[in-house]
**Q** 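My structure is below; once you've seen it, I'll send some questions.
Below, chain A is the first sequence line, B the second, and so on; all start at residue 1.
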There are 2 protein chains.
Amino acid sequence: MTTPLATGTLCIAGLGPGDAQLVTPEVTAAIEAATDIVGYIPYVARIAPRPGLTLHASDNRVEMDRARAALHMAAEGKQVVIVSSGDPGVFAMAAAVFEALEGRPDWQALDIRVLPGITAMLAAAAKAGAPLGHDFCAINLSDNLKPAELIEARVRAAAGADFAMAFYNPRSASRPHTFGRVLQVLLEACGPNRLITFARAVSTPEETLLTVRLGEATPEMADMRTVVIVGNSATRHVGRFVYTPRSAL
Amino acid sequence: MTTPLATGTLCIAGLGPGDAQLVTPEVTAAIEAATDIVGYIPYVARIAPRPGLTLHASDNRVEMDRARAALHMAAEGKQVVIVSSGDPGVFAMAAAVFEALEGRPDWQALDIRVLPGITAMLAAAAKAGAPLGHDFCAINLSDNLKPAELIEARVRAAAGADFAMAFYNPRSASRPHTFGRVLQVLLEACGPNRLITFARAVSTPEETLLTVRLGEATPEMADMRTVVIVGNSATRHVGRFVYTPRSAL
């Protein structure tokens, strides 16, 4: 006679941009019920330690290892929560976990849930006003997982169809030129007067917000903690706010 | 001698897609501190009445009147919260409030804050898996405020650059043909095998989720409570989930 395994679960949870006031009750409840928290070091650092909870912090760029480790623990019967900043489905851990399920019907049968969070572009937009108040695109500028040509083609397509845009991961030390090139493409496609907002570390004590015209924008205005929002052709200032009108008539 | 006016505030708050577990503590605190709640009837109906709180529910398509009424009350010293479903900055009330600030420096000087919420496309994506796990566009299919040609041009541009897409307000009784036309455009641009997810009333008791191929999709699969998500060329099933791989290499 064998003892049946406990039923494990895996939640892929979004912690929002930083402020505890922006964490949903659903995510808070999942963390309270967890036996194991898995994630990138600075995100796991946001979880309060307590007896019965094991924290598994790992470095950046090991998303697949992290996903498999979490699935393995859930298969053992643990209550596992993978934490991402922002929303787990936007340039974060959810896609990595589903990739790790490929060819693993045993893991596919687990109780797996994605718990949404406040993603960085929407927290940044809220601080600035409503720059994403009309149709918009979200583009990851990291070229770790896609060619620079595809990034440029998407920026051109979005600008050509007059979408507002939000850029994640605009700049890192390992690829300092990508974002400068994107700014060039935008300047050609949108002209120097288009509004661009650099929102860094939104909702944390280090938050900064800067809106300039494209003609004044420089690559140094962004780093990896920055979300960049580019307005569409109608985006404008009103008082201290930036917004994109609802109408395109 | 005149009595100074009390300092009014206006919060433009996102209630998330429906489930109270998806309302941020920030929004809950703003509602608890409010004297007046303003919004579209079904959203105001989500706020519990209490002594000292006045609920101002209004019909759809009166966004500018609603924005001005809220600003007027805040200018009188009230603690006003405008409630939107989802995120207020995504096809909701924030842009209307900033529009109402045009030419009104008195209103521009008020304490106005946008409080982000879980927007419908991210709640829907979380239920389906991670269909927005790579670059994506959000497009409002309502043609109240923009010409149908612009909608079609944006859908073509997004499909041409291989973005995943999320569509808000896909279909209403007053414009039954827009969404059928969008499905035609998508079928031409993306082919019949592209995955499309219809997520209705996500996180409410009426929630339904349906993923089909574009070749099988019909306009009747959507109504005004539906968010539609179209994958990119790499979007696939794994087990019961739909996801878009992180890599485009």
**Q** What part of A/Arg240 is in contact with chain B, defined as an atom under 4.5 angstrom from a non-hydrogen atom: side chain, backbone, both or neither?
**A**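 Answer is side chain: those atoms of A/Arg240 sit under 4.5 Å from chain B.
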**Q** Select one option (side chain, backbone, both, neither) describing which atoms of A/Ile151 are under 4.5 Å from chain B's heavy atoms.
**A**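 Neither the backbone nor the side chain of A/Ile151 comes within 4.5 Å of chain B.
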**Q** Could you check which of A/Leu122, A/Val97, A/Leu115, A/Asp19 has the highest count of heavy-atom pairs closer than 4.5 Å to chain B?
**A**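 Heavy-atom pairs under 4.5 Å are most numerous for A/Leu122.
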**Q** Assess the residue pair A/Val114 and B/Phe241 against the criterion (side-chain contact (heavy atoms from CB on, under 4.5 Å)); give the C-alpha distance rounded to whole Å, side-chain angles, the decisive distance to 0.1 Å, and a yes or no.
**A** CA-CA 11 Å; A/Val114 180; B/Phe241 305 104; over 6 Å; no
**Q** Please classify the contact of A/Phe136 with chain B as side chain, backbone, both or neither, using a heavy-atom distance under 4.5 Å.
**A**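 Both backbone and side chain.
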**Q** What distance separates B/Arg246 CZ from A/Glu63 CD, expressed to the nearest 0.5 Å?
**A**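 It comes to 5.5 Å.
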**Q** Among A/Ala123, A/Gly129, A/Pro131, A/Ala166, single out the residue with the greatest number of heavy-atom pairs under 4.5 Å to chain B.
**A**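 Ranked by contacts with chain B, first place is A/Gly129.
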**Q** Looking only at heavy atoms and a cut-off of under 4.5 Å, which of A/Ala158, A/Pro116, A/Pro17, A/Gly133 has the most pairs with chain B?
**A**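 Among A/Ala158, A/Pro116, A/Pro17, A/Gly133, the one with the most close pairs to chain B is A/Pro116.
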**Q** Output the distance between atom CD (B/Glu26) and atom OG1 (A/Thr24), rounded to the nearest 0.5 Å.
**A**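 It is 13.5 Å, given to the nearest 0.5 Å.
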**Q** Just wondering, do B/Ile118 and A/Ile118 contact through their side chains at under 4.5 Å, heavy atoms?
**A**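 The answer is yes; the side chains approach within 4.5 Å.
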**Q** Are A/Gln108 and B/Val238 close enough that some pair of their side-chain heavy atoms sits under 4.5 Å apart?
**A**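 Heavy-atom side-chain distance check passes, below 4.5 Å.
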**Q** Please look at A/Ala96 and chain B and tell me whether the side chain, the backbone, both or neither of the residue comes under 4.5 angstrom of a heavy atom of that chain.
**A**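 Both backbone and side chain.
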**Q** Which answer fits A/Met93, side chain, backbone, both or neither, if we ask what part of it has an atom under 4.5 Å from a heavy atom of chain B?
**A**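 For A/Met93, no heavy atom lies under 4.5 Å from chain B.
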**Q** What part of A/Leu150 gets within 4.5 angstrom of chain B, counting heavy atoms only: side chain, backbone, both, or neither?
**A**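 The side chain, not the backbone.
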**Q** Under a 4.5 Å heavy-atom cutoff, which of A/Val27, A/Leu101, A/Thr119 has the most pairs with chain B?
**A**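 Max contact count across the listed options: A/Leu101.
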**Q** Considering only heavy atoms, which portion of B/Ile112 lies under 4.5 Å from any heavy atom of chain A: side chain, backbone, both, or neither?
**A**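 Contact with chain A involves both backbone and side-chain atoms of B/Ile112.
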**Q** To the closest 0.5 Å, what do you measure between CG (B/Asp87) and CG (A/Leu132)?
**A**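 The CG atom of B/Asp87 sits 9.0 Å away from the CG atom of A/Leu132.
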**Q** Side chain, backbone, both or neither: which part of A/Arg113 has a non-hydrogen atom closer than 4.5 Å to chain B?
**A**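 The answer is neither part of A/Arg113.
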**Q** Taking atom NE2 of B/His237 as the centre, does the number of heavy atoms from other residues, nucleotides or ligands within less than 6.0 Å exceed 12?
**A**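 Check passes, neighbour count above 12.
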**Q** For B/Asn140, does its backbone N or O pair with a side-chain atom of A/Asp135 as donor and acceptor, under 3.5 Å?
**A**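 Answer holds: yes.
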**Q** At a heavy-atom separation under 4.5 Å, does A/Leu141 approach chain B through its side chain, its backbone, both, or neither?
**A**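 Answer is neither: A/Leu141 stays 4.5 Å or more from chain B.
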**Q** Among B/Ala161, B/Gly117, B/Ala153, single out the residue with the greatest number of heavy-atom pairs under 4.5 Å to chain A.
**A**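 Heavy-atom pair counts peak at B/Ala161.
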**Q** Can you give me the closest heavy-atom contact between A/Phe163 and B/Arg154, atom names plus distance?
**A**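 A/Phe163 and B/Arg154 have their closest heavy atoms at CZ-CB, 3.5 Å.
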**Q** Below 4.5 Å from any heavy atom of chain A, which atoms of B/Arg236 appear? Answer side chain, backbone, both or neither.
**A**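 For B/Arg236, the side chain is the part near chain A, not the backbone.
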**Q** Select one option (side chain, backbone, both, neither) describing which atoms of A/Tyr243 are under 4.5 Å from chain B's heavy atoms.
**A**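 Answer is side chain: those atoms of A/Tyr243 sit under 4.5 Å from chain B.
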**Q** Does any part of the side chain of B/Thr244, heavy atoms only, come nearer than 4.5 Å to the side chain of A/Phe98, both counted from C-beta?
**A**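 The answer is no, as the side chains (C-beta and beyond) never meet within the 4.5 Å cut-off.
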**Q** So which of A/Ala109, A/Gly89, A/Ala138, A/Ala20 has the biggest tally of heavy-atom pairs under 4.5 Å with chain B?
**A**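 Counting heavy-atom pairs under 4.5 Å, the top option is A/Ala138.
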**Q** Which bit of A/Ala125 is near chain B, if near means a heavy-atom gap under 4.5 Å: side chain, backbone, both or neither?
**A**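 Looking at A/Ala125, nothing touches chain B.
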